[in-house]
Each structure stands twice: as structure tokens, then as C-alpha cells.
Amino acid sequence: MQGNRLPLVPENILKAHKVNQPGDSRFMAAARLLQALWREEKDLPIGVHRNPKGKRRKLGSRLDNESGRQGHNFLTPDIAKLAFRESVYREIGAMIDQERLWTNMLSSQPLCFNLFGGLKLDGEKANQFFRHLFPDYVASVNGIYFEHSPGRGNPAFTDDYTAFDVFVTCTTLSGHNGFIAIEVKYSESMSEPPATMRPRYEELTGKAGVFREPAAQALRGNPLQQLWREHMLSRVMIESGLYDQGRFIVIYPAQNNNCDAAVNSYNTHLASDDPAESGFQSLTLESCLDSLRAIGDDEIALALHERYLDFARVERAIFR
């Protein structure tokens, strides 16, 4: 790669690997190709995509249904079994899209399990990982949950169906009951359909005490509105007495410029850049892999890098 810049993948390369998707951002196109290259290397059959009109076509970033059922969208069989169990016992109202989970390789949903599933299965490893990532905050991890909300549709919270991709309960260094609420992004451009505005949002934004200008319209539209809603949910969980302390964390690849720009913009709306005060923090996916290496889990760190961040492979596909 040239510096830290991802290549603009030529159309003929995208077509050759059946990943030419109109509307893909620069990062998404490279990430989609990376998933196809990983699938091809593993000799996994290609899956199909159905467009809004019902037309089906092969798509290189999809697994076929049988490979999906066998758990090949996950890095290990144990993580695949965990994803199945979590899907079966998901919270009432939880949105776990089965197609995205099992066959969509580009989706951040399987990434959540690939990144945090092994930690849920090994409590001591989870302790080491989160202590390394948050040395000023975490003493020990008590639990890891997927697609969690304290109460979907509950007017005591955000009165909507906002939820966190991953939710970690912990004991803080000060001995308090704390949490880490996590939103995981991979190829997203931060242009999700905006939620319907609710009176409860306005009430919570004013009460939160973390925004420079609570009435700022930028918070209520893309690319910030999802961060704003989840941040508010995390703050009301403390206000309601469920937890003593908490942080809302966004994780994304460093080279996803859309996510990086959104996070940087969101930070300008916060009254403090100290996570202990704002309750907000961003981390790169790369830093999470560094923490896995730091605690001695080189194997899963390498597997995650090869699957999600090895863009040198994309470069080789272009210039071979």
C-alpha cells in the first residue's frame, strides 16, 4: 500500500472476483474484495445475493448456505457454536439477522463474534484483554453479551429498540459496578437509515450533561445519529441506577475513513475528551488486535488480521 492509503480497486479486478457492487465506498470495495480473496483461499463456495427486486446473483463476499450452516463465517468451530447458541437464546426483540450472521462475510455481525467470542469462552483471557485495553477502568470482567439492550421499547431508557453489538459487564478499578457498551463497525459508511425522532431523545440529550450544544442538529442526522442514540442509552443506564459507571465504545478499522470522520466529528460535540467524563471512547480494530497479541493470543490476532485487515492481499490481487 502507498502510505496508509487503500487502493481504489479497478473494476475489472472487482468483476473477476464477483464483488463489483455499485455504491460501495472505497473502503467497502477493498474490504469486500478481501473477503472474497479469503474465501477463495479457504476454498469455500461462493454464495448469492438477492437485490431488492428479488434478482439473485453470485457475490464473492458471501458464503453458500451449506458453508454458512457449517460455521465457516467464523474463525473457529467453538466461536461458530457460540454464535449459534447466542442466536437461539437472543434477547426478546434482538435483531440478529441470520443471513448476515452465517453467510455475509462483510457484515460486522460475525466480526463481533470473531473478535469477542473467544473472550466470552475464556474468562481469564477476557480479564487480560479488557484490562490491557482499559487500564484506567477495568479491574475484572463479569460477563460478555451480544446484541444487548436493557429494555427494548422501554420509555425508562430511550423508548426505542437501540441496542449494543457487544456488552461487557465489569468491576471497575474503583470497585464499582460498570460496563463497556460496544458498537462494532467494519465496512459501514455511517449512513444507516435515521431513527424516527422521539421526545425521549430530546429529554435525555439535555440531561446527559456530556454535549457542548445538546440541541445541535448534527447529532440528529447521519453520520452521527446512531452514535448519539447509543451514547444516550449508555448514559441513562447509569442515571437509572442499573450501573455505577459505564463507557460507550466504537470500534472500527483505522482505514475506514467514513467511520473515522464520523467519530472525529462526534468528539467535537462532546464537552470533554476524557472518557471518564464523557463516557465515550473510540478504538481501532487494529488496537484490539494489538491487545490480543499483548496477552499472548497471537493465533487469533493473526486470524483476525488475515480475515479483516490484510489489505496487502488486495494490493497483490491488483498488481500481480
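FYI, the numbering just counts along the sequence from 1. All values below were derived from every heavy atom in this structure, side-chain atoms included, with hydrogens, water molecules and symmetry-related copies excluded.
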Suppose we call two aromatic rings close when their centres sit under 6.0 Å apart. Are Phe167 and Phe116 close by that rule?
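Here the rings of Phe116 and Phe167 have centres that are no less than 6.0 Å from each other.
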Aromatic contact, Tyr137 with Phe179 (centres under 6.0 Å)
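For Tyr137 and Phe179, the ring centres are not under 6.0 Å apart.
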Looking only at side chains, do [X] and [Y] share a donor and an acceptor under 3.5 Å apart?
X      : Y      : answer
Asp260 : Tyr252 : yes
Ser187 : Gln35  : no
Glu91  : Ser149 : no
Asn257 : Arg5   : no

Taking the side chain as every heavy atom from C-beta outward, state whether [X] and [Y] have any pair of such atoms under 4.5 Å apart.
X      : Y      : answer
Phe146 : Leu82  : yes
Glu183 : Phe248 : yes
Phe113 : Leu101 : yes
Val88  : Phe84  : yes
Arg316 : Asp310 : yes
Phe27  : Phe311 : yes
Met190 : Cys259 : yes
Phe130 : Ser291 : no

Without swapping roles, check the side chain of [X] against the backbone of [Y] for a donor-acceptor pair under 3.5 Å.
X      : Y      : answer
Asn258 : Glu188 : no
Asp165 : Val184 : yes
Arg62  : Met105 : no
Arg50  : Lys55  : no
Ser108 : Leu111 : no
Tyr308 : Tyr186 : no
His231 : Ser278 : yes
Thr169 : Gly143 : yes
Arg307 : Phe74  : no
Arg200 : Phe157 : yes

Roughly how far, to the nearest 0.5 Å, is the CG atom of Leu285 from the CG atom of Leu309?
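So the CG of Leu309 and the CG of Leu285 are separated by 4.5 Å.
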Under 4.5 Å between side-chain heavy atoms, counting indirect links through other Ile/Leu/Val/Met/Phe/Trp/Tyr residues: same cluster for Ile182 and Met232 or not?
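In one cluster: no.
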Look at the side-chain heavy atoms of Ile, Leu, Val, Met, Phe, Trp and Tyr, link any pair under 4.5 Å apart, and say whether Met237 and Val141 land in one connected group.
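They do not share one cluster, since no chain of ILVMFWY contacts under 4.5 Å joins Met237 to Val141.
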Quick check on side chain to side chain donor-acceptor pair (under 3.5 Å): which of Gln226, Arg220, Gln225 does Asn222 satisfy it with?
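The residue from Gln226, Arg220, Gln225 that satisfies side chain to side chain donor-acceptor pair (under 3.5 Å) with Asn222 turns out to be Gln225.
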With Tyr201, the side chain to side chain donor-acceptor pair (under 3.5 Å) member among Thr196, Asp160, Asp159, Thr162:
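Of the listed residues Thr196, Asp160, Asp159, Thr162, the side chain to side chain donor-acceptor pair (under 3.5 Å) partner of Tyr201 is Asp160.
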If you count every heavy atom of other residues, nucleotides or ligands that lies below 6.0 Å from Glu299 atom CD, does the total exceed 12?
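Result for CD/Glu299: open.
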Can you tell me if CD on Glu203 sees more than 12 non-hydrogen neighbours from other groups inside 6.0 Å?
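Yes, CD of Glu203 has more than 12 neighbouring heavy atoms, counting only those of other groups under 6.0 Å.
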Derivation of the ring pair (Phe, Tyr, Trp, His ring centres under 6.0 Å) call for Tyr89 and Tyr145:
CA-CA 11 Å; Tyr89 285 104; Tyr145 309 90; over 10 Å; no
Quick check: closest heavy atoms across [X] and [Y], and the distance to 0.1 Å?
X      : Y      : answer
Pro135 : Leu173 : O-CD1, 3.1 Å
Val236 : Ala156 : CG2-O, 3.7 Å
Glu147 : Ala163 : OE2-CB, 3.7 Å
Met95  : Gln109 : O-NE2, 3.6 Å
Leu75  : Ala303 : CD1-CB, 4.0 Å
Ala317 : Ile13  : O-CD1, 3.7 Å

Any salt bridge linking Lys185 with Glu192? Criterion: basic side-chain nitrogen under 4.0 Å from a carboxylate oxygen.
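Looking at Glu192 together with Lys185, the answer is yes, because their closest N to O distance falls below 4.0 Å.
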So, are Glu239 and Arg235 salt-bridged, with charged N and O less than 4.0 Å apart?
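No, Glu239 and Arg235 are not salt-bridged.
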State which residue, out of Asp273, Leu270, Asp274, fulfils the side chain to side chain contact (heavy atoms under 4.5 Å, CB included) condition with Phe280.
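Among Asp273, Leu270, Asp274, the one that satisfies the side chain to side chain contact (heavy atoms under 4.5 Å, CB included) with Phe280 is Leu270.
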Hey, what's the ring geometry for Tyr266 with Phe211, parallel, tilted or perpendicular (30° and 60° as the breaks)?
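The arrangement is perpendicular - the two ring planes meet at more than 60°.
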